[in-house]
Amino acid sequence: MNIHYHDLTLSEAKAMQENLRENIQSEPLNKPIHTIAGADISLDLYSETIYAGIVILRYADLQPLAYSLVKSTNTFPYVPGFLAFREVPALVQALAQIPIAPDVIMVDGHGIAHPRRMGIATHFGTLTNTATLGCAKKILFGKWPEPEAIKGSYTLIKDKEEIIGYAMRSKNNVKPIFISPGNQMCLQDSLNITVHCLRNHRLPEPTRKAHEFVNRFRTGELEEGYHELPNWELF
DNA sequence: GCGACAG
DNA sequence: ATCTTGTCGC
């Protein structure tokens, strides 16, 4: 599965989103979660190179178990509402070299909290047939009231009367994070999973670790490919 | 027409 | 997203 959204026009990309939208599965995730992965990408300024990373963690204690890193290239520009066309191809490659797929994947960006319900998490999930959710640092679409300043409090993100996600205070006195289901799960699932993954940082562990690993990859500290962490690192 | 606008 | 120094708060 080698995707390339290279020469797509925005109107073609939009048509593709309307199409993929029909594949969204929003029923509750009914299987137990043993592993969860975080997906993120990193860039060099003014470069077409894209570094993608997926880190798999044990759901019970959020310990990193393995990671997949890929260096790719893409000329599709960043356009709000079309982020997937820039980052998904590399993420698909990173997922492809993982021997045992994680039960759930948390993506850095939105799920259905998108004008056409096709944020990067939803796009990635429907394309690869995986369970995904989006966790973004900034809002893209929808109306939301400011949640209380205490960790754990949240409000609803709405498009008219429809609930499309949550704005949550993941830690005291920090800006909220924006959560929404991507694929193969419901709104409540995305909220529960995110809460489970919170530690003492604004970002939940899967996304936070993915960001850390992919940056270490970009700066040359880690090598491309699939790697399992040594047991002695897991205690 | 004007402002908003994930990474 | 990435580039940056100091600074404020828990």
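Within every chain, numbering begins at 1; the chains are lettered A, B, ... in the order of the sequence lines, protein sequences first and strands thereafter. Scope of the values below: all heavy atoms of this structure, side chains included, with no hydrogens, waters or symmetry mates.
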- With the sugar-phosphate defined as primed atoms, P, OP1 and OP2, and the base as all remaining atoms, what B/S/- string results for nucleotides 2-7 of chain B, 5' to 3', for protein heavy atoms under 4.0 Å? ---BBB
- Task: May I have all residue pairs that pass salt bridge (charged side-chain N to carboxylate O under 4.0 Å, His left out) and include part of residues 171-195 of chain A, sequence neighbours excluded?
- Result: none
- Item | Single-linkage hydrophobic cluster A:Val70~A:Ile54, side-chain heavy atoms < 4.5 angstrom | no
- Item | Non-hydrogen side-chain atoms of A:Phe141 and A:Ile164 separated by less than 4.5 Å | yes
- Message: Over all strands shown, is A:Asn200 touching base, sugar-phosphate only, or nothing at heavy-atom distances under 4.0 angstrom?
- Response: nothing
- Integer-rounded Å distance: C:dA1 P and A:Glu212 CD: 15 Å
Within the sub-3.5 Å range, which N or O atoms of nucleotides 7-10 of chain C have a protein N or O partner, and how far apart are they?
none

- What's the verdict on salt bridge (Lys or Arg N to Asp or Glu O under 4.0 Å) for A:Glu48 and A:Arg86, showing C-alpha distance, side-chain angles and the deciding distance? CA-CA 10 Å; A:Glu48 60 179 50; A:Arg86 179 170 174 72; over 6 Å; no
- Distance only, no hydrogens: is a donor on one side chain within 3.5 Å (strictly under) of an acceptor on the other, for A:Gln63 and A:Arg58? no
- Message: With a 4.0 Å cut-off on N to O distance, would you call A:Glu223 and A:Arg216 a salt bridge?
- Response: no
- Query: Hey, are A:Asp159 and A:Lys143 close enough for a salt bridge, meaning a charged N less than 4.0 Å from a carboxylate O?
  - Reply: no
- If you look at every strand shown and take non-hydrogen atoms under 4.0 Å, does A:His211 touch a base, only sugar-phosphate, or nothing? sugar-phosphate
- Criterion ring pair (Phe, Tyr, Trp, His ring centres under 6.0 Å) on A:Trp144 and A:Tyr166, from CA distance to verdict: CA-CA 8 Å; A:Trp144 56 283; A:Tyr166 307 93; over 10 Å; no
